[in-house]
Chemist: 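This is the structure, below, for whatever I ask next.
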Amino acid sequence: MIDFILLNSVSDFSFEKLKELHPEATVSKNGRSGTETLMYIEKKMRVKTVFDRKRGCCVTSVAGSLHRYHTRQSYSSFPFSSIAPALEFLCKNCDINMENENWFYKIEIGVNLHMNCDPDDYLSMFKLYKGKPFVVMKTLDGENRPHGIERKMTENYYRIKIYNKTIYARTVEKLSPPENILRVEVAFHASGISKLGLPNTMDALTDRERFQMYVDKFREIVYGIAMVDYAPDISGLTGKDLRDYYFMHRNQRVYAEYLSKIEGDKKRLAAERKKYDRINTLLASSVNLKGEFFEKFEAEIERLMTARYHKPLYPRTPRTPYEPTGRKRAPIRTIR
């Protein structure tokens, strides 16, 4: 249920000790302040440590997908019961003491829904949120159409994203997900977490009652989206019928403009009415995608909050301390 996180935690170690623990890290220095920053990647999680003069100690920041870090992919289920072991494993590998002061700047809550139809077919259901429309997400390379929509609040409290997880997992994350996964997520930013009174510590995220506050807010936001009353399953439409449907129903404003242009042509108007009636007849017995969406949405939330924790499929190997081998690096050979 939790995906992307941005976590800060007070460190037990000095900057010099962290350099020893993470020899693979890169160290940069700010020219003006002279502050050093230690950075490295822990299985796609970006880890950064700086000295906080206000607190008089080092503070470690971790950013990335907790879901993918723990399961090595992001399209499966990630129940509440997996949050605690995932955070424990992350903190152990990043030398973070969970009992120290810690706080989240960003928390992303979402569900992966296995739908009966192409996830792109569900996007047209979502029209407005708090009076403003959704924005089309960036089109992927090699694709001639978008596969997601998003709505970012002007107050920067949170951002809503609804997209085709199957397409994005394949093309962006280079994974092999199953078909027809619709992703619905809300990313709460620091200002939103504070304004909405949501908990922002590791203890809170591993406590079921306090984490339920995120789940309730997530559900409230999704139900607050203005949707169409009826979203039919169009998998039975092909060829010209499918093209006519997209033209008549997906962008009603453009279709209304087209009808106004041919208003005086009775023959063309009659032909349009005939096509419109034909499409409606074909879709009369189709399944309502909106009903399916909310049914699976509620079922998935209930399952994620009650599912028992299962260990990841992949074995976990403890991080071994770095030991120099003493071997000299082979000289670089140039092929002429």
Side-chain angles (χ1 to χ4, degrees), residues 1-9 45-46 61-69 74-75 77-80 82-83 86-87 102-113 119 122-138 146-165 168-169 172 181-227 293-294 296-298 300-302 304-305:
M1 183 167 281
I2 283 185
D3 194 8
F4 188 91
I5 60 169
L6 177 54
L7 164 70
N8 278 11
S9 181
M45 301 291 282
R46 300 186 302 276
S61 172
V62 183
S65 171
L66 185 66
H67 184 171
R68 189 169 183 181
Y69 177 77
S74 59
Y75 52 80
S77 297
F78 190 69
F80 167 79
S82 295
I83 297 176
L87 286 174
N102 60 80
W103 59 98
F104 286 91
Y105 278 124
K106 184 175 181 179
I107 298 176
E108 190 176 272
I109 307 293
V111 291
N112 296 321
L113 307 177
Y122 298 82
L123 300 180
S124 61
M125 293 191 327
F126 308 94
K127 295 300 181 183
L128 303 171
Y129 181 72
K130 293 194 174 181
K132 293 188 178 181
F134 284 83
V135 177
V136 173
M137 289 172 59
K138 182 180 178 181
H147 295 286
I149 54 176
E150 60 183 345
R151 169 82 163 87
K152 186 176 181 180
M153 304 303 296
T154 55
E155 305 90 348
N156 201 29
Y157 290 160
Y158 50 85
R159 183 192 63 196
I160 308 169
K161 288 175 67 175
I162 306 168
Y163 60 96
N164 188 330
K165 186 64 177 181
Y168 276 82
V172 178
I181 299 180
L182 180 67
R183 172 74 176 177
V184 183
E185 67 185 32
V186 175
F188 296 94
H189 302 284
S191 57
I193 293 173
S194 175
K195 182 71 175 180
L196 300 171
L198 298 172
N200 69 334
T201 64
M202 283 191 272
D203 284 342
L205 291 189
T206 54
D207 180 82
R208 188 178 298 274
E209 290 186 5
R210 286 187 284 177
F211 182 75
Q212 186 69 41
M213 295 172 65
Y214 277 101
V215 177
D216 293 342
K217 191 62 184 179
F218 174 53
R219 182 189 280 115
E220 176 188 325
I221 291 172
V222 173
Y223 275 91
I225 299 173
M227 304 184 191
F293 169 79
F294 279 111
K296 294 198 172 184
F297 178 76
E298 286 296 338
E300 183 66 7
I301 288 181
E302 178 68 21
L304 291 176
M305 289 302 294

Chemist: Does the side chain of I162 reach to within under 4.5 Å of the side chain of I225, using non-hydrogen atoms?
Modeler: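 The answer is yes, as the side chains (C-beta and beyond) meet within the 4.5 Å cut-off.
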
Chemist: Of the non-hydrogen atoms in Y158 and K130, which two are nearest, and what is the gap between them?
Modeler: OH-NZ, 3.7 Å

Chemist: What distance do E150 atom CD and I160 atom CD1 have between them, rounded to the nearest 0.5 Å?
Modeler: 10.5 Å

Chemist: With side chain to side chain contact (heavy atoms under 4.5 Å, CB included) as the criterion, how do I2 and I109 come out once you've worked through the C-alpha distance, each side chain's angles and the decisive distance to 0.1 Å?
Modeler: CA-CA 5 Å; I2 283 185; I109 307 293; 3.8 Å; yes

Chemist: Determine the interplanar angle of the F293 and F297 rings, folded into 0 to 90°, and report it as parallel if under 30°, tilted if 30 to 60°, perpendicular if over 60°.
Modeler: parallel

Chemist: Are the side chain of N102 and the backbone of M202 linked by a donor-acceptor contact shorter than 3.5 Å?
Modeler: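 The answer is yes, because a donor-acceptor pair under 3.5 Å joins these two groups.
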
Chemist: Just by distance, do the side chain of R210 and the backbone of P199 share a donor-acceptor pair under 3.5 Å?
Modeler: no

Chemist: Let me confirm one number: the CG-CD distance from L113 to E298, rounded to the nearest 0.5 Å.
Modeler: 10.5 Å

Chemist: Hey, could you give me the CG/CD1 distance between L205 and I107, rounded to the nearest 0.5 Å?
Modeler: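 Spacing of CG (L205) from CD1 (I107) equals 4.5 Å.
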
Chemist: Apply side chain to side chain contact (heavy atoms under 4.5 Å, CB included) to I5 and M45, showing your working.
Modeler: CA-CA 10 Å; I5 60 169; M45 301 291 282; 4.2 Å; yes

Chemist: Could you walk me through whether M305 and Q212 pass the side chain to side chain contact (heavy atoms under 4.5 Å, CB included) test, one step at a time?
Modeler: CA-CA 9 Å; M305 289 302 294; Q212 186 69 41; 3.3 Å; yes

Chemist: Rounded to the nearest 0.5 Å, what's the gap from CG on L198 to NZ on K217? Could you check?
Modeler: 7.5 Å

Chemist: Distance alone, cut at 3.5 Å: any donor-acceptor contact between the side chains of N8 and S61?
Modeler: yes

Chemist: Testing the basics here: between A187 and K106, what is the closest heavy-atom pair and its distance to 0.1 Å?
Modeler: CB-CE, 3.8 Å

Chemist: If you measure only the distance, is there a donor-acceptor pair under 3.5 Å linking the side chains of E300 and S77?
Modeler: yes

Chemist: Side chain to side chain contact (heavy atoms under 4.5 Å, CB included), that's the test. Do R151 and F134 meet it? Break it down for me.
Modeler: CA-CA 5 Å; R151 169 82 163 87; F134 284 83; 3.5 Å; yes

Chemist: Sub-3.5 Å donor-acceptor pair from the side chain of N112 to the main-chain atoms of S74, do we have one?
Modeler: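 Yes, N112 side chain to S74 backbone: donor-acceptor pair under 3.5 Å.
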
Chemist: Rounded to the nearest 0.5 Å, what separation is found between the OH atom of Y69 and the CG atom of D3?
Modeler: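 Those atoms lie 15.0 Å apart.
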
Chemist: Rounded to the nearest 0.5 Å, what separation is found between the CZ atom of F211 and the CG atom of D203?
Modeler: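 These two atoms lie 14.5 Å from each other.
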
Chemist: Could you tell me if the side chain of F78 sits less than 4.5 Å from the side chain of M1, heavy atoms only?
Modeler: no

Chemist: Considering all heavy atoms of both residues, which atom of I193 and which atom of F104 are nearest to each other, and what is their separation?
Modeler: CD1-O, 4.1 Å

Chemist: Okay, side chain of K127, backbone of S124: is any donor-acceptor separation there less than 3.5 Å?
Modeler: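 Present.
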
Chemist: Name the one of R159, H67, K161 that satisfies side-chain contact (heavy atoms from CB on, under 4.5 Å) with E108?
Modeler: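 Testing each of R159, H67, K161 against E108, the sole residue satisfying side-chain contact (heavy atoms from CB on, under 4.5 Å) is R159.
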
Chemist: Run through F218, Y157, Y214 and flag the one making a ring pair (Phe, Tyr, Trp, His ring centres under 6.0 Å) with F188.
Modeler: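 Testing each of F218, Y157, Y214 against F188, the sole residue satisfying ring pair (Phe, Tyr, Trp, His ring centres under 6.0 Å) is Y214.
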
Chemist: Do Y75 and R183 come within less than 4.5 Å of each other through their side chains, counting heavy atoms only?
Modeler: no

